[in-house]
Chemist: 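Got a structure here, written out as C-alpha cells. Questions coming.
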Amino acid sequence: MPEDRLPRRDRSALAAAEPALPASMWHATAGAPIAAPALTTDASTEVLVIGGGFNGLTAALRLAECGTDALLVEAGEIGEGASGRNAGMVNPGQFLGPDEIRKVLGADHGEVFLRELGAAPALVADLIDRHRIDCHADFRPVIRAAHDAASAAMLSAQTGQWAALGQPVEMVRGAELRALTGSNRWEAAMLDRRGFTIQPLAYARGLARAAQRAGARLAQRMPVTGLVRENGLWRAQVRGCVTLRARKVILATNAYTGALHPAFAQTLVTSGAFGVATQPLDTAARAMVLPQGHSLYDTHKIPLFFRYDPEGRLMVGSLGFLGDGRRGPEAWAARALARLWPGLPDPGWSHVWQGTLGLTSHGMPRLISPEDGLIGTIGCNGRGIAPNSYFGAMLADIAMGRDGPRPLPLEPAAPRPARAMRRAALDLGMRIYRNTTLLT
Ligand SMILES: Cc1cc2nc3c(=O)[nH]c(=O)nc-3n(C[C@H](O)[C@H](O)[C@H](O)COP(=O)(O)OP(=O)(O)OC[C@H]3O[C@@H](n4cnc5c(N)ncnc54)[C@H](O)[C@@H]3O)c2cc1C
C-alpha cells in the first residue's frame with residue numbers, strides 16, 4: 001500500500017516516525033485490545049514502569065508476581081512501539097556472535113550474557129505457556145542465511161562458537177538449504193533451533209493481561225511528559241495534568257524515549273525497520289517461498305527478513321525508514337522477492353508499516369541508571385523480543401533490590417555524539433543499500 005493510501009494516522013507516523021499504532025498485518029489476528037483506561041487522578045506506586053512494550057510489560061509482570069506494587073503507563077496503546085510492529089522472530093542474543101560479545105562486554109559480563117540471553121527464547125516460550133498467551137508460537141527453527149562466501153564463513157565461525165557452548169545450532173548448505181528456502185541465492189545458513197516465531201502484538205497483549213491478572217495496574221494513553229526527583233521520590237507528569245509518584249522508575253521507552261530523559265535518549269541513534277506484507281499466498285506460491293514454513297533473515301549489513309503469518313501472508317522486511325517515493329515499498333518488496341524467488345507471480349499486497357529501533361555504539365543493549373532509583377535497558381539494535389523479555393524481569397529484580405545474574409554492566413550514561421548527523425547519514429545509507437545491494 002503506497003504511503004498516500006495509508007490512513008492519515010499512519011502517514012504522519014511515516015513522516016515523523018512517531019508512535020502511532022499502524023495497521024500492520026498483526027492487527028487482524030491479535031485479538032482484542034487491552035482494557036487499561038488512562039488514570040484521571042494522581043496516583044502513587046512503589047515502581048512506575050514507563051512504556052508498554054515487551055520490556056515494560058515483563059517488568060510489570062515480574063514486579064506484580066513478586067507482590068510489589070507496580071503501575072505501568074503507556075503513551076499510546078500496549079504494543080504501540082516496536083513490540084507490536086516487529087517480525088516476531090524470537091532469537092537469542094544479538095546479531096553479534098559469542099566471540100564478539102565477549103570482546104564488547106568483557107569476559108565476565110560476556111559469559112553471563114551468552115548463558116542468559118542464549119536461553120532467553122526458552123524464557124519467552126515459558127511465559128507463553130505459563131500465561132496461556134495465544135500468540136501463534138511456531139517452533140520451527142529460524143534460518144540465518146549467508147548472502148556471500150565471506151558471510152558463510154562468518155556464520156560458520158559463529159555456529160562453531162555457539163555449538164561449543166552446547167547450543168543447538170547447525171550449518172546447512174546445498175540441497176538441504178534449497179529445500180528449506182526454495183531459493184538458490186544463498187551460500188549457506190545457520191539453523192538456530194533455539195529460535196521460533198510469534199505473533200508479536202498478541203504476545204504483547206498476552207503479557208499485559210498476565211501482568212494485570214498478577215495485580216499490576218496498567219494505564220494506556222498516558223504520555224509522561226516530565227520526570228523529576230523530589231524529596232526522595234520520582235514525580236512523573238502525564239499530559240493532561242495527572243501526577244504520578246514512585247520510589248523507583250523503570251524507563252522502558254527504548255527507541256521512543258524522545259526528550260523524556262536525555263541520558264537514555266542520547267545513548268541511541270534511532271533508525272527504522274519496516275514490513276511489507278503480501279496477500280495470503282496460494283499453495284503454489286507457498287511451495288516456492290520458504291516451502292517448509294520457516295522464517296529467515298540474512299547476513300546483509302541491512303538484513304532482509306521473511307516470514308509467514310498464520311493466514312499465509314508473507315512479511316518482507318528490512319531496516320531503515322520507509323519513504324521510497326512514488327515506486328513505493330511494495331515495488332521494492334516485489335523486486336526483493338523476484339531476485340530470490342524468480343518466477344513467483346505478483347502476490348498482491350496487504351499491509352505496509354514501520355517502527356523505530358535504537359542503535360548503540362557497540363551494537364549491544366545498555367543498562368543505564370543515570371540517577372538514583374531510575375533504571376532501564378536501552379538499544380535493542382534490531383533484536384528485542386527475547387532480550388527485552390529477559391531484561392524486563394531483570395530490571396524488576398534490580399528495582400526490588402534482588403540479586404541475580406547481570407549480563408550487562410551498569411552505566412550512568414553512554415552518550416553518542418553527533419546523533420542527528422549519524423541518524424541522517426544512516427538513513428540515507430540504508431536507503432541506498434536497500435535499493436542497490438539488496439536488489440542486485
Ligand atoms: C519492523 C521491525 C522488525 C523487528 N523484528 C524483530 C524480530 O524479528 N525479532 C526481534 O527480536 N526483534 C525485532 N525487532 C525489534 C523489537 O521489536 C524491539 O527490540 C522490541 O520490541 C523493543 O521492546 P521495548 O519494550 O524495549 O520497546 P517498545 O516496544 O518500543 O516500547 C516502548 C514503549 O514506550 C512508549 N513510550 C515512549 N515514550 C513514552 C512516554 N513518554 N510515556 C509513556 N510511554 C512512552 C511507546 O509508546 C512504546 O510503546 C523489530 C523491530 C521492528 C521495528
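These numbers come from the heavy atoms of this one structure, side chains and all, not from hydrogens, waters or symmetry mates.
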Chemist: Heavy-atom distance under 4.5 Å between the side chains of Ile375 and Lys248, does that happen here?
Modeler: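 No; the side chains remain at least 4.5 Å from each other.
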Chemist: Would a 4.5 Å heavy-atom cut-off, applied to side chains only, mark Glu371 and Trp234 as touching?
Modeler: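 Side-chain contact under 4.5 Å: yes.
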Chemist: Please tell me if the side chains of Leu218 and Glu74 come closer than 4.5 Å, counting only heavy atoms from C-beta onward.
Modeler: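 Leu218 does not reach Glu74 side chain to side chain.
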Chemist: How many angstroms lie between CZ in Arg419 and OG1 in Thr267, if you round to the nearest 0.5 Å?
Modeler: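 Arg419 atom CZ to Thr267 atom OG1 measures 8.0 Å (nearest 0.5 Å).
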Chemist: Pick from Thr437, Asp298, Thr299: which one makes a side-chain hydrogen bond (donor to acceptor under 3.5 Å, both in side chains) with His147?
Modeler: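 It is Thr299; the other options fail the test.
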Chemist: Mind checking whether Leu367 and Phe391 have side chains closer than 4.5 Å, heavy atoms only?
Modeler: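 Counting from C-beta outward, Leu367 and Phe391 never come under 4.5 Å.
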Chemist: Ignoring hydrogens, what is the shortest heavy-atom contact between Gln161 and Asp99? Give both atom names and the distance.
Modeler: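 Looks like OE1-N, 3.0 Å.
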Chemist: Between the main-chain N or O of Gln354 and the side-chain N or O of Arg85, is there a donor-acceptor pair closer than 3.5 Å?
Modeler: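 Confirmed, Arg85 side chain pairs with Gln354 backbone.
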Chemist: Given the rule in the side-chain contact (heavy atoms from CB on, under 4.5 Å) test, do Val289 and Phe306 qualify, once you have shown the distances and angles that lead to the verdict?
Modeler: CA-CA 9 Å; Val289 179; Phe306 304 92; 5.8 Å; no
Chemist: If you count heavy atoms of other groups shown closer than 6.0 angstrom to CZ of Arg132, is the number above 12?
Modeler: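 Open.
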Chemist: Atom CG of Asn86 and atom CH2 of Trp26: how far apart are they, to the nearest 0.5 Å?
Modeler: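 So the CG of Asn86 and the CH2 of Trp26 are separated by 8.0 Å.
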Chemist: Answer with yes or no whether the side chains of Asn388 and Thr58 bring together a donor and an acceptor at under 3.5 Å.
Modeler: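 Per modelled atom types, Thr58 and Asn388 side chains form no pair under 3.5 Å.
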Chemist: What distance do Ile368 atom CD1 and Thr377 atom OG1 have between them, rounded to the nearest 0.5 Å?
Modeler: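 Here the rounded value is 9.5 Å.
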Chemist: Would you sort out whether Asp397 and Arg62 count as a salt bridge (charged side-chain N to carboxylate O under 4.0 Å, His left out), showing the intermediate values?
Modeler: CA-CA 8 Å; Asp397 282 349; Arg62 172 68 152 220; 2.7 Å; yes
Chemist: Over 60° means perpendicular and under 30° means parallel, so classify the ring planes of Phe54 and Tyr203, tilted if in between.
Modeler: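 Rings of Tyr203 and Phe54: tilted, 30 to 60°.
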Chemist: Would a distance-only check, ignoring hydrogens and angles, find a side-chain to backbone donor-acceptor pair under 3.5 Å from Ser83 to Gly79?
Modeler: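 Flag not set: sc Ser83 to bb Gly79 has no pair under 3.5 Å.
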Chemist: First locate atom CD1 of Ile101, then atom CD of Gln158, and finally report the distance between them rounded to the nearest 0.5 Å.
Modeler: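 These two atoms lie 8.0 Å from each other.
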Chemist: Starting from the C-alpha separation in whole Å, work towards a yes-or-no answer on side-chain contact (heavy atoms from CB on, under 4.5 Å) for Asp309 and Met315.
Modeler: CA-CA 8 Å; Asp309 80 352; Met315 172 180 176; over 6 Å; no
Chemist: Above 12 or not: heavy atoms from other molecules or residues under 6.0 Å from CG of Asp108?
Modeler: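 For Asp108, atom CG is not crowded (no more than 12 foreign heavy atoms under 6.0 Å).
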Chemist: Thr45: what forms a side chain to side chain donor-acceptor pair (under 3.5 Å) with it, not counting sequence neighbours?
Modeler: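 Asp69.
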Chemist: Using atom types as modelled and distance alone, determine if a side-chain donor or acceptor of Ser369 lies under 3.5 Å from a backbone N or O of Leu374.
Modeler: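 Looks like yes, one N/O pair under 3.5 Å.
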Chemist: Using the side-chain contact (heavy atoms from CB on, under 4.5 Å) rule, take Leu201 and His27 through it: C-alpha gap first, then chi angles, then the decisive distance, then the call.
Modeler: CA-CA 7 Å; Leu201 185 57; His27 280 79; 3.8 Å; yes
Chemist: Any side-chain donor paired with an acceptor under 3.5 Å for Ser24 and His351?
Modeler: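 Not at all, the side chains of Ser24 and His351 share no donor-acceptor pair under 3.5 Å.
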Chemist: Supply the atom-to-atom distance Met190 CE to Thr159 OG1, rounded to the nearest 0.5 angstrom.
Modeler: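 Atom-to-atom, Met190:CE and Thr159:OG1 are 5.0 Å apart.
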Chemist: Quick check, are the ring centers of Tyr297 and Phe305 under 6.0 angstrom apart?
Modeler: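 No, they do not, as the ring centres are separated by 6.0 Å or more.
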Chemist: Once you round to the nearest 0.5 Å, how far does CD of Glu77 lie from CD1 of Ile34?
Modeler: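 Glu77 atom CD to Ile34 atom CD1 measures 9.5 Å (nearest 0.5 Å).
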Chemist: Counting only heavy atoms not in Arg115, do more than 12 sit closer than 6.0 Å to its CZ atom?
Modeler: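 Count over threshold, so yes.
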Chemist: Look at Glu116 together with Arg406 and state whether they make a salt bridge at an N to O cut-off of under 4.0 Å.
Modeler: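 No, no charged N to carboxylate O under 4.0 Å.
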Chemist: Kindly give the heavy-atom pair with the smallest separation between Pro407 and Leu105, and that separation in Å.
Modeler: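 That closest heavy-atom pairing would be O-CD1, 3.6 Å.
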Chemist: Is there a side-chain contact between Thr360 and Leu268 in this structure, where contact means two heavy atoms from C-beta onward sitting under 4.5 Å apart?
Modeler: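 Yes; the side chains approach each other to less than 4.5 Å.
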Chemist: Mind checking whether Arg416 and Leu359 have side chains closer than 4.5 Å, heavy atoms only?
Modeler: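 Yes, side chains in contact.
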Chemist: Answer yes or no: is there a side-chain heavy-atom contact under 4.5 Å between Asn254 and Asn55?
Modeler: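 The answer is no; the side chains never approach within 4.5 Å.
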Chemist: Taking salt bridge (charged side-chain N to carboxylate O under 4.0 Å, His left out) as the test, write out the residues that go with Glu46, two or more places apart.
Modeler: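 In terms of salt bridge (charged side-chain N to carboxylate O under 4.0 Å, His left out), with neighbours along the sequence ignored, Glu46 is linked to Arg247.
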Chemist: Taking side-chain contact (heavy atoms from CB on, under 4.5 Å) as the test, write out the residues that go with Arg213, two or more places apart.
Modeler: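 side-chain contact (heavy atoms from CB on, under 4.5 Å) list for Arg213, sorted by chain: His131, Arg209, Ala210.
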Chemist: With the side chain counted from C-beta on, respond yes when Lys103 and Leu96 share a heavy-atom pair under 4.5 Å apart, and no when they do not.
Modeler: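 Heavy-atom side-chain distance check fails, nothing below 4.5 Å.
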Chemist: Any luck finding a side-chain donor-acceptor pair between Ser361 and Arg366 under 3.5 Å?
Modeler: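 Note: Ser361 and Arg366 side chains meet the donor-acceptor criterion.
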